[in-house]
Visitor: 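Sharing a structure here in structure tokens format.
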Amino acid sequence: EVQLQASGGGLVQAGGSLRLSCAASGFTFDDYAIGWFRRAPGKEREGVSCISSSDSSTYYADSVKGRFIISRDNAKNRMYLQMNNLKPEDTAVYLCAVQYNSRPGGEWELPDKYDYWGQGTLVTVSS
């Protein structure tokens, strides 16, 4: 059974940091590109970041570039999202997802390309 379990969300003041983690099981983690998405109240699901499985190429939404860092630990079947200098507009449920694609390229932000999804973890940034 495929499982993606996200954790690490919480309440933080603007300017603070959080590190999200997503534990994966039930599939060959190394073969999958991984992504983080977020869904803010009243808004569409938005791609935040992605890291490929082949060469660890990384992709970021313009809104988080320079503040967030995505990483993966294939030995532990885990993915991470380090979020720094958080802003109130970063408030959302953050979801981890994986797709069977070594290098997603320009399609990394398309939710339909992802095969499995985690349940999400809530991040709230107060002003």
Visitor: Donor-acceptor pair, R67 side chain versus N85 backbone, under 3.5 Å?
Guide: yes

Visitor: Which heavy atom of L11 sits nearest to which heavy atom of S126, and what is that distance?
Guide: CD1-CB, 4.4 Å

Visitor: To check you understand the geometry: which heavy-atom pair defines the closest contact between L122 and T124, and what is its length?
Guide: CG-OG1, 3.8 Å

Visitor: Taking M83 as the starting point, is it possible to reach V12 by hopping between hydrophobic residues whose side chains are less than 4.5 Å apart?
Guide: yes

Visitor: Is there side-chain contact between M79 and F29, with heavy atoms separated by less than 4.5 Å?
Guide: yes

Visitor: Surrounding NZ of K43 (heavy atoms of other residues, nucleotides or ligands, distance under 6.0 Å), is the total greater than 12?
Guide: no

Visitor: Specify the closest pair of heavy atoms between P104 and A33, including all atoms of both residues, with the distance to one decimal.
Guide: CG-CB, 3.5 Å

Visitor: Test side-chain contact (heavy atoms from CB on, under 4.5 Å) on L4 and V98; report intermediate values, then the result.
Guide: CA-CA 9 Å; L4 293 171; V98 296; 4.2 Å; yes

Visitor: Does the side-chain contact (heavy atoms from CB on, under 4.5 Å) test come out yes or no for S63 and E46, once each step is laid out?
Guide: CA-CA 10 Å; S63 58; E46 172 191 23; 3.6 Å; yes

Visitor: Mind checking whether R38 and V93 have side chains closer than 4.5 Å, heavy atoms only?
Guide: no

Visitor: Rounded to the nearest 0.5 Å, how far apart are CZ of R39 and CZ of R45?
Guide: 6.5 Å

Visitor: Against the six-membered ring of Y80, is R19 placed for a cation-pi contact (under 6.0 Å from the centre, within 45° of the normal)?
Guide: yes

Visitor: Establish whether L110 and V64 are linked, either directly or via other cluster members, by ILVMFWY side-chain heavy-atom contacts under 4.5 Å.
Guide: no

Visitor: Out of curiosity, Y94 OH to T121 OG1, how far, rounded to the nearest 0.5 Å?
Guide: 10.5 Å

Visitor: Do you reckon I70 sits in the same ILVMFWY cluster as L95, going by side-chain contacts under 4.5 Å, direct or chained?
Guide: no

Visitor: Within a strict 4.5 Å, meaning less than it, do heavy atoms of the D112 and Q99 side chains meet?
Guide: no

Visitor: Has S21 got a side-chain atom pairing as donor or acceptor with S7's backbone, closer than 3.5 angstrom?
Guide: no

Visitor: Taking the side chain as every heavy atom from C-beta outward, state whether Y60 and I69 have any pair of such atoms under 4.5 Å apart.
Guide: yes

Visitor: For Y32 and F27, take the angle between the two ring planes, folded into 0 to 90°, and tell me which bin it lands in: parallel under 30, tilted 30 to 60, perpendicular over 60.
Guide: perpendicular

Visitor: Verify, without hydrogens or angle tests, whether Q119 (side chain) and A6 (backbone) share a donor-acceptor contact under 3.5 angstrom.
Guide: yes

Visitor: Below 4.5 Å, heavy atoms only, C-beta onward: do V123 and T91 meet side chain to side chain?
Guide: no

Visitor: Using a strict 4.0 Å threshold on nitrogen-to-oxygen distance, state whether K87 and D90 make a salt bridge.
Guide: no

Visitor: Check step by step if side-chain hydrogen bond (donor to acceptor under 3.5 Å, both in side chains) holds for N84 and S17.
Guide: CA-CA 4 Å; N84 302 318; S17 297; 3.0 Å; yes

Visitor: Does the side chain of Q82 come within less than 4.5 Å of S71's, by heavy atoms?
Guide: no

Visitor: Any heavy-atom pair between the side chains of F68 and S49 that's under 4.5 Å?
Guide: no

Visitor: I need the N74 CG to D30 CG distance, nearest 0.5 Å.
Guide: 4.0 Å

Visitor: So Y59 and W108, would you call those rings parallel, tilted or perpendicular, with 30° and 60° as cut-offs?
Guide: parallel

Visitor: Supply the atom-to-atom distance F37 CZ to W117 CH2, rounded to the nearest 0.5 angstrom.
Guide: 4.0 Å

Visitor: On a heavy-atom basis, which atom in V48 and which in L81 lie closest, and how many Å separate them?
Guide: CG1-CD2, 4.2 Å

Visitor: Under the 3.5 angstrom rule, does the side chain of R72 hit a backbone N or O of S52 as a donor-acceptor pair?
Guide: yes

